[in-house]
Peer 1: 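This is the structure I have questions about; it appears just below.
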Amino acid sequence: MVVSRISFAVGLGLIGIYFALPSGGRTQSILYDVIGGSAAVAIALSIRLHRPRLWLPWALFSAGSAFFVLGDILFTDETPPTVSDGFYLAGYPVIAAGLLLLMLEAGGRNRRAALADAAIFTVAFALFQWVFVMGPAVRGSGSLAEHVVGGLYPAMDVVLLGAFAGFFVSPAWRTPSFRLLFAAVLALLFADEIYGVDVGAYSSGDWIDAAWLLSYVLWATAALHPSMRELSEPRREPSLRVGFARVAVLAAALLTVPFVLLVQALRGKPLEPYVVAGLGSAIGLLVVARLTGILRALERIRLRERAARSLAEETQYRLALQNDELVEADRLKDEFVALISHDLRTPLTSIIGYVELALDENVEPPLDEERHSYLAVVARSSERLLRLVDDLLFVARLQSGRLALAPAELDLCQVTGQAVEEARPRAEAKALTLSFLGSSPVVIEADKGRMFQLLDNLISNAIKFTPDGGRVDVRVVPALDGAVIEVSDTGIGLGPGEAELVFDRFFRSARAHEQHVPGTGLGLFIARAIAEAHGGTLTASSTEGSGTTFRMELPSRTAPQPEKAGEELVA
Amino acid sequence: MTNPVVLVADDDDDILLLVTTRLKRDGFEVIQASSGDRALELARERRPAVAVLDIGMPGLDGLQVLEQIRADEELREMKVLLLTAKAQESDVRRGYDTGADAYVKKPFSPADLSTRVRELLDGA
């Protein structure tokens, strides 16, 4: 940025000096060439300085400027065609090609539109140029070569302006570099037009030189500005816009014909009907083509949007439908489980009850030992079946959000102690050491039945997964505003990643499977659900092979639960 | 001293026999009904000390029988224990609201049920 500013300031300074020097002098002429030459070199250097993705346009600008400078150096007042004319005329298409390349690169997907815009400009300007500049030059006095060269200059301006127009309306980044380039081309075209309208009036050191020199300086500044890099990057228009500028450009193109005719008529000059009609038709057709393109693009966008919208609507509809089905399926599942559980409980009442009657020791004649042992198995199995049914019913109720707590103040130590004592026969059957540590009272607010169920689940679980002769430790510790309960065992432990999975519904650890430990995988799921219903947390930690610790943190007060409507099931 | 009379009403014969057997072994005199209407009839005829009523019975259900008992000037003081497999909280609440003295869920241990009946008698 500093480089471009300095070069711009130096350029302006040199232009000032140029006009301070004696007009038409040799020094002035040399300074002119120095300014032009420096510009060509600066543009070439800018490619190395900024390393744009697309470097060719800038190389072409540098080459075009160099051609102009060579033309300037070799310039004489001889009648055309001269070598100087050759260099000048070669400079235009080279620069135009650079502009076209930038335009196409910037256009991205909209190249065709950019090209059409450029074509409309070119034809409109060609009409203007032919009628006001080229025609007179071609028809003027002098040799054929003079006519050809005299006509080629304005023709090259047409080429340059066409490319420039395309570049101007292209979606290129509107960076400082873009604006400088725009000004440079404008200055060049302006000077050319003034020169072309009356070639004879020009002499070296004329004020028109200021515009040409300014064009050099601006071009070099544009190339040295760091934002020239972005000019070579494609840019996608966010959406097709039929903006004021676009409409104004098309309207201006269409108005060229009446304007030219009017001016010529007023000047009393020939109307050139063939040229005007031909180029006018071309402009009209191009504008129609361009408008058709815009309309088609808008239609495409509209159709695409409509398709996208209907797709989104359909997806949404399907999703809603699917969701309804899922909710219904979930409800049916819960209902099914509740029904099955209830229907299982009724026959279980008979089984459990009659086995108890049969095992009654005060009845004569007493059962022989063998049958007694058989019935004991039936009793144990039916108790297990009943627990499973109760668990299923509990889970079904949890899933449908109908777990109601009846919280009351209780001594957690006492409830835990009770659960430990209830589990003691099972621990002793496996020769486990079952210890309980905790000093009453640890008072919290909780649902006593649920809390007992939870603790029983944890302790039973620990006993189940600890091999004969191991240990199960239960601790109750008062905590700040609550309590912590830990149940540790010296059991088989959890596999990697199982510490969280154990709380999933129906989860069974790989080790439990291997070692044929019976269970449904519901106990810990229920335990955590109860802990969470009390506003607490239940987590597991384990060292594989050397036991597991379950840690529960309970707040001293259970957050009040919203009253659930409807009938509530109780186990 | 004669044995206390207990009325047992359940439409399921197996449960009826189960409860009857247990209570008889524990020294109660048991009268059986397999419907609510029959239970109410027997209650008026025999004036049992305790009635064990199943809630889910065709015709007059356990709760309706309980209502009739509580509405009857002469039966009002009878102890009533409700049995249900329905396991619905609203039933439990309605049971207590209607004036049940105890509530036992199926499946139950016959020995426990017998203990509850004994407690109701002792508490009287």
Side-chain angles (χ1 to χ4, degrees), chain A residues 335 337-366 375 378-394 396-397 400 402-406 447 449-450 561 563-571, chain B residues 6 8-28 30 32 34 52-58 61-63 81-97 100 102-118:
Chain A
E335 226 165 61
V337 172
L339 191 77
I340 290 297
S341 303
H342 172 249
D343 282 358
L344 283 173
R345 292 161 73 90
T346 308
L348 267 173
T349 311
S350 290
I351 297 172
I352 292 172
Y354 278 99
V355 169
E356 192 188 299
L357 282 184
L359 287 170
D360 189 346
E361 276 160 19
N362 305 321
V363 183
E364 289 300 324
L375 283 173
V378 176
R380 262 207 317 278
S381 299
S382 49
E383 287 293 341
R384 219 166 90 193
L385 187 55
L386 175 61
R387 248 199 321 277
L388 173 61
V389 170
D390 282 345
D391 282 356
L392 281 174
L393 192 64
F394 187 88
R397 203 165 45 223
S400 47
R402 288 178 299 183
L403 175 62
L405 292 182
D447 184 315
R450 296 291 171 225
Q561 284 193 315
E563 193 67 38
K564 299 253 162 57
E567 300 209 323
E568 295 182 13
L569 289 162
V570 290
Chain B
V6 179
V8 179
D10 199 309
D11 60 320
D12 185 330
D13 290 343
D14 293 342
I15 306 293
L16 195 56
L17 179 61
L18 176 69
V19 177
T20 306
T21 309
R22 181 72 259 171
L23 290 176
K24 275 186 172 164
R25 278 191 198 172
D26 291 342
F28 296 102
V30 181
Q32 298 179 328
S34 44
V52 175
L53 305 172
D54 181 34
I55 287 186
M57 287 186 292
D61 68 17
L63 286 168
L81 185 152
L82 288 174
L83 270 186
T84 190
K86 233 177 169 184
Q88 270 168 344
E89 206 166 72
S90 57
D91 278 355
V92 184
R93 222 162 20 227
R94 255 180 77 200
Y96 283 121
D97 289 350
Y103 183 92
V104 169
K105 283 176 285 180
K106 292 179 180 177
F108 53 87
S109 148
D112 288 349
L113 177 69
S114 179
T115 310
R116 297 292 293 275
V117 172
R118 174 67 62 195

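Lettering of chains follows the sequences in order, A, B, ..., and the numbering in each one begins at 1.
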Peer 1: Which residues pass the salt bridge (Lys or Arg N to Asp or Glu O under 4.0 Å) test with A:Arg380, not counting sequence neighbours?
Peer 2: none
Peer 1: Pick one of side chain, backbone, both or neither for A:Leu357, based on which atoms fall under 4.5 Å of a heavy atom in chain B.
Peer 2: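 Contact with chain B: backbone and side chain both.
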Peer 1: Under 4.5 Å heavy-atom distance to chain A, tell me which part of B:Leu113 shows up: side chain, backbone, both or neither.
Peer 2: neither
Peer 1: Going by salt bridge (Lys or Arg N to Asp or Glu O under 4.0 Å), name the residues that satisfy it together with A:Asp447, two or more places apart in sequence or in a different chain.
Peer 2: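 Once residues adjacent in sequence are excluded, A:Asp447 has no partner under the salt bridge (Lys or Arg N to Asp or Glu O under 4.0 Å) criterion.
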Peer 1: Can you find a heavy atom in the side chain of A:Ile352 that is under 4.5 Å from one in the side chain of A:Leu386?
Peer 2: yes
Peer 1: Let me confirm one number: the OG-CG distance from B:Ser34 to B:Asp54, rounded to the nearest 0.5 Å.
Peer 2: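 Taking OG in B:Ser34 and CG in B:Asp54, the distance rounds to 11.5 Å.
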Peer 1: So which of A:Ile351, A:Leu348, A:Asp360, A:Asn362 has the biggest tally of heavy-atom pairs under 4.5 Å with chain B?
Peer 2: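 Winner by heavy-atom pair count: A:Asp360.
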Peer 1: Is it the side chain or the backbone of A:Val389 that comes within 4.5 Å of chain B heavy atoms, both, or neither?
Peer 2: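 Contact with chain B is absent: no heavy atom of A:Val389 under 4.5 Å.
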